[in-house]
Participant: 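This is the structure I want to talk about, given as structure tokens.
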Amino acid sequence: MSRPISAPRGTRDLLPEDGAAWGRVEAIARDLSARYAFERIETPLFERTELFARGLGESSDAVEKEMFRVSGAAGSEEERAEWALRPEPTAGIVRAFVEHGMHVRPGPLRLWMLGPMFRYDRPQAGRFRQFSQWDVEVIGDPGPMVDAELIELGHRFYGEAGLADVVAYVNSIGDGNCRPAYRQKLVDYFGAHEDRLSADSRRRLRVNPLRVLDDKDLDADLAAGAPRSLDNLCDACRAHFDGVRGLLDALKVRYEIDHRLVRGLDYYTRTTFEFFIAGRRGQQQALGGGGRYDGLAELLGGQPTPGIGFGLGIDRTVLATAEQGVAQPAETPLVAVISTDPGALEPRLRVAGALRSAGLRVRADGSARRLGRQLESAVKLGALWAVIVGEELGRGNVILRDLDAHEQRELPLGEVATTIG
Ligand code: AMP
């Protein structure tokens with residue numbers, strides 16, 4: 001026997017028993033996308049690495065350490081092409097926005113996407129190399145109303161998924177006007193305490209000082225004394241953030257200010273936010289996060305266009321619903337179509353087709369086993385009903401058997417769906 005091959009590290013197979021929980025969460029995402037008037041967009045799973053380097057920033061973890069590189073076929077011109085699997089959706093979507101000249105469309109554009117992202121990170125609980133995100137982007141709306149709308153939408157998603165106690169942590173990291181001075185304040189402050197910083201933070205201090213605040217190992221006292229971006233916003237950023245907060249307060253959206261929330265990517269400006277289960281902040285990674293990226297379109301060669309979006313992790317949301325014991329929806333009852341006649345394959349398929357047209361969930365047994373055996377397997381597969389196809393079909397009838405009650409009767413095929421109903 002040859003050696004079995006296992007799935008790559010950091011990936012997971014979605015097995016049939018997990019499908020219902022995933023399907024439910026994905027259905028909520030699709031449904032909310034429609035109710036919030038978003039339009040679907042799909043971008044390739046891989047893009048030029050330059051897109052991510054320029055968009056996300058060379059110093060972001062996603063680009064510096066976690067880029068999942070892809071090469072073309074051996075011997076092809078593209079063999080050494082610089083491509084990477086997408087680590088996040090926004091850069092690709094804004095690339096598409098610029099490439100297709102979408103700024104001329106009636107805006108703001110409201111786009112959604114649901115699919116896998118890839119980061120070559122160290123795998124651990126809740127952190128995979130391939131994971132799935134529901135993503136929404138609003139391009140061309142300077143806010144602040146849309147910022148509040150997206151934070152409210154995130155809450156609604158977790159609420160409809162059945163999660164209790166989700167909090168949005170919110171901050172503003174300013175823009176090109178006020179961030180340089182704030183950045184300098186951080187460099188001065190942390191530079192004076194460099195001996196208390198981790199090696200990672202000392203490096204971050206040079207390339208992206210805001211990300212020192214992001215360091216989980218940052219000394220708590222040092223963090224508490226650090227200059228806060230909210231105290232260093234220019235008037236326009238301050239007014240924007242006050243606007244967002246005012247709306248969140250008025251809508252009674254559950255949020256907390258987090259002065260250390262900077263998000264990891266360079267493209268963010270002004271509002272940043274992440275969703276967590278309340279009280280689990282320390283032990284748990286974010287369920288989702290997002291923010292404003294008013295400079296990104298221009299950075300990618302387009303017209304200056306404000307934008308904001310979020311990516312909510314499907315994997316972590318499904319894990320959290322399992323942890324919180326959220327009930328899964330009941331499946332529609334399964335009907336097994338079986339037959340006493342080993343040769344009668346076409347009638348089985350025809351009857352199954354008619355029942356499916358009537359909306360039932362049906363599997364047809366194509367075996368030549370004895371009827372008793374077919375009934376046994378139907379029960380094992382979880383069927384509640386069996387439809388037995390025999391000579392009655394000549395009269396347009398079948399036998400409907402209640403597999404729990406062990407009762408059966410003949411009835412017209414057209415009445416099966418209403419009888420089970
Ligand atoms: P980020 O843009 O890194 O904040 O990611 C947004 C969301 O995607 C996170 O809050 C997670 O729910 C999810 N996510 C990010 N990275 C991973 C990963 N490696 N494994 C599973 N989910 C992830």
Side-chain angles (χ1 to χ4, degrees), residues 7-14 18 21-22 25-26 28-29 52 55-57 59-68 84-94 112-137 150-151 153-155 157-158 161 163 166-171 173 208 210-211 213-216 258 260-269 271-278 280-293 296 307-323:
R9 211 160 96 80
T11 68
R12 298 180 308 156
D13 297 310
L14 179 67
D18 311 319
W22 270 77
V25 169
E26 288 175 331
I28 294 167
F52 302 122
L56 279 53
S59 68
S60 63
D61 284 352
V63 170
E64 201 176 56
K65 304 186 213 155
E66 299 165 5
M67 199 92 103
F68 222 120
L85 297 177
R86 62 185 186 195
E88 62 83 61
T90 310
I93 291 176
V94 175
W112 73 276
M113 191 160 94
L114 179 64
M117 306 295 152
F118 305 84
R119 294 185 197 166
Y120 201 82
D121 202 357
R122 193 167 54 81
Q124 51 185 285
R127 189 178 296 280
F128 311 108
R129 287 182 171 168
Q130 176 176 339
F131 58 95
S132 188
Q133 271 187 6
W134 173 45
D135 180 68
V136 307
E137 309 289 347
L150 291 199
I151 295 170
L153 169 56
H155 263 292
F157 169 74
Y158 296 118
L163 291 181
V166 174
V167 189
Y169 290 88
V170 183
N171 195 16
I173 55 170
N208 191 347
L210 264 75
R211 296 214 48 231
L213 294 168
D214 221 10
D215 184 348
K216 304 241 171 343
D258 180 348
R260 290 178 60 184
L261 187 80
V262 298
R263 306 274 298 148
L265 309 177
D266 279 8
Y267 61 56
Y268 286 111
T269 51
T271 317
T272 53
F273 52 93
E274 278 183 358
F275 295 94
F276 282 85
I277 309 262
R280 303 274 315 266
R281 184 87 201 261
Q283 321 119 49
Q284 203 201 30
Q285 301 123 334
L287 291 171
R292 190 164 267 290
Y293 47 84
L296 183 59
I308 181 166
F310 65 51
L312 308 188
I314 301 293
D315 306 65
R316 289 185 195 164
T317 303
V318 172
L319 285 170
T321 59
E323 270 173 35

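All residue numbers refer to positions in the sequence shown, counting from 1. Every number for a ligand or one of its atoms is a count from 1 in the order of the listing.
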Participant: Can you report which non-hydrogen protein atom sits closest to atom 12 (O) of ligand 1, along with the distance?
Facilitator: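 Closest protein heavy atom to atom 12 (O) of ligand 1: Leu287 O, 2.8 Å.
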Participant: Any ion pair linking Arg119 and Asp61 (charged N to carboxylate O, less than 4.0 Å)?
Facilitator: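 Here Asp61 does not pair with Arg119 in a salt bridge, since their nearest N and O are not under 4.0 Å apart.
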Participant: Show which atoms of ligand 1 fall inside a sub-4.0 Å distance from at least one heavy-atom site of Ala286.
Facilitator: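 Those qualifying, in numeric order: 9 (C), 10 (O), 11 (C), 12 (O).
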Participant: Can you pull out the closest protein heavy atom to atom 11 (C) of ligand 1? Residue, atom name and distance to 0.1 Å, please.
Facilitator: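 Of the protein heavy atoms, Arg316 NH1, 3.3 Å lies nearest.
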Participant: Once you measure the plane-to-plane angle for Phe157 and Trp134, does it fall in the parallel (<30°), tilted (30-60°) or perpendicular (>60°) bin?
Facilitator: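 Correct class here is tilted.
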Participant: When you measure from atom 3 (O) of ligand 1 to every protein heavy atom, which one gives the shortest distance, and what is it?
Facilitator: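 The protein heavy atom lying closest is Arg119 NH1, 2.7 Å.
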Participant: For Leu265, which part has a heavy atom under 4.0 Å from ligand 1: side chain, backbone, both, or neither?
Facilitator: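 Neither; no heavy atom under 4.0 Å.
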Participant: Please answer whether the main-chain N or O of Gly288 pairs with a side-chain N or O of Arg316 as donor and acceptor at a distance below 3.5 Å.
Facilitator: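 No.
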Participant: Write out the residue and atom name of the closest protein heavy atom to atom 5 (O) of ligand 1, then the distance separating them to 0.1 Å.
Facilitator: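 Of the protein heavy atoms, Gln133 NE2, 3.4 Å lies nearest.
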Participant: Using modelled atom types only, decide if a donor and an acceptor are shared between the side chain of Arg292 and the backbone of Thr271 within a distance under 3.5 Å.
Facilitator: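 Judged by distance alone, no pair lies under 3.5 Å.
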Participant: Considering only NZ, NE, NH1 and NH2 on the basic side and carboxylate oxygens on the acidic side, decide whether Asp315 and Arg12 come within less than 4.0 Å.
Facilitator: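 Salt bridge between Asp315 and Arg12, a charged N being under 4.0 Å from a carboxylate O: yes.
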Participant: Can you tell me how far the CD atom of Glu274 sits from the CG atom of Asn171, to the nearest 0.5 Å?
Facilitator: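 Between Glu274 CD and Asn171 CG, I get 10.5 Å after rounding to 0.5 Å.
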Participant: Considering the heavy atoms of Gly126, write down every atom of ligand 1 situated less than 4.0 Å from one of them.
Facilitator: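 Within the 4.0 Å cut-off of Gly126, ligand 1 contributes 20 (N), 21 (C), 22 (N).
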Participant: What atoms of ligand 1 come closer than 4.0 angstrom to any heavy atom of Arg127?
Facilitator: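 The list of qualifying atoms is 18 (C), 19 (N), 20 (N).
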Participant: Determine whether the side chain, the backbone, both or neither of Arg263 has a heavy atom under 4.0 Å from any heavy atom of ligand 1.
Facilitator: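 The part of Arg263 near ligand 1 is the side chain, not the backbone.
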Participant: Just one of Ile314, Val318, Thr317 clears the side chain to side chain contact (heavy atoms under 4.5 Å, CB included) bar with Ser132, so which one?
Facilitator: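 Answer after filtering Ile314, Val318, Thr317: Ile314.
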Participant: Look at atom 23 (C) of ligand 1 and say which protein heavy atom is nearest, naming residue and atom and giving the distance to 0.1 Å.
Facilitator: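 Of every protein heavy atom, Phe131 CD1, 3.3 Å lies nearest to atom 23 (C) of ligand 1.
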Participant: If I compare all heavy atoms of Pro89 with all of Gln133, which pair ends up nearest, and what's the gap?
Facilitator: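 That would be CD-OE1, 3.3 Å.
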Participant: Provide the number and element of each atom of ligand 1 under 4.0 Å from a heavy atom of Gly311.
Facilitator: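 Contacts of ligand 1 toward Gly311, numbered from 1: 6 (C), 7 (C).
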Participant: Compare Phe128, Tyr268, Phe310 and give the one whose heavy atom is closest to atom 19 (N) of ligand 1.
Facilitator: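 The residue whose heavy atom sits nearest atom 19 (N) of ligand 1 is Phe128.
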